[in-house]
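Structure first, then comments.
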Amino acid sequence: MSTLENTPSTQTRREFCALACQAASVLAAGIATACGGGQTGPSGGSAPAAPVLNGTVAGRTISVSVDGTALATTGNGALVQTSLGSFLLARTGQDTFNAMTAICTHENNLVTGFSGGRFVCNVHGSEFSTSGNAVAGPARGTLRQYAAAFANGVVTFTV
């Protein structure tokens, strides 16, 4: 046992650190509550999770096979996970797709829901059209878009 362990200045530092950690925890909890408080939207509900697809990466180009997935049907959307990050992909026509970032423009949370033809951020309830436009707040900005091409059942886009 060190002789410094029981000195008044060591005890004071320990107490200070303990109180500082407690204060930081209370502050963090207060911020979460003021911001909507968790993984559901402001009304307490949440959208069903968007289907999750894995994309393959070559350089900065992402490829996603859509045959046999939710994206085989026009009007559907999916969350695409890659080593470069997460993206949203929506089939808007027989041969057309919209690709966009999956990062909500409100507070940079991951957009994971899809309901009624809209992508939904289940953290605060923001909704985005399949073109990436904010259609319900609190988000106001458009999701970043990437030009998508479709051939032989595969969508490609470069980030």
Looking only at heavy atoms, what is the nearest atom pair of T142 and T105, with distance?
O-CG2, 3.6 Å
Listed by chain and number, what are the side-chain contact (heavy atoms from CB on, under 4.5 Å) partners of A70, not counting sequence neighbours?
P51, N76
Grab the two heavy atoms, one from G77 and one from F119, that are nearest each other, plus how far apart they are.
CA-CZ, 3.8 Å
Give a yes or no answer on whether the side chain of N122 reaches the backbone of A47 with a donor-acceptor pair at less than 3.5 Å.
yes
The criterion is side-chain hydrogen bond (donor to acceptor under 3.5 Å, both in side chains); which residues satisfy it with T156, sequence neighbours excluded?
none
For T96, which residues count as a side-chain contact (heavy atoms from CB on, under 4.5 Å) partner, sequence neighbours excluded?
T92
Separation of L110 CG from S86 OG (nearest 0.5 Å):
5.0 Å
Is a donor on one side and an acceptor on the other found under 3.5 Å between the side chain of Q145 and the backbone of L143?
yes
Measuring from atom CG of L89 to atom CG of L53, what distance do you get when rounded to the nearest 0.5 angstrom?
7.5 Å
Scan side-chain atoms only and decide if S131 and N133 contain a donor-acceptor pair under the 3.5 Å cut-off.
yes
Please give me the minimum heavy-atom distance between S129 and M100, naming the atom from each residue.
O-SD, 4.5 Å
Can you give me the closest heavy-atom contact between F128 and G141, atom names plus distance?
CE2-O, 3.5 Å
F87: what forms a ring-ring contact (aromatic ring centres under 6.0 Å, His included) with it, not counting sequence neighbours?
Y146, F157
The side-chain contact (heavy atoms from CB on, under 4.5 Å) partners of D95 (sequence neighbours excluded) come to F150
V159 and L84: which non-hydrogen atoms are nearest, and at how many Å?
CG2-CD1, 3.7 Å
Search all heavy atoms of G55 against all heavy atoms of I62 and return the closest pair with its distance.
CA-CG2, 4.3 Å
With sequence neighbours excluded, residues passing side-chain hydrogen bond (donor to acceptor under 3.5 Å, both in side chains) with T61:
T158
R91 (side chain) donor-acceptor with L71 (main chain) under 3.5 angstrom:
yes
Roughly how far apart are E107 CD and S126 OG, rounded to 0.5 Å?
9.0 Å
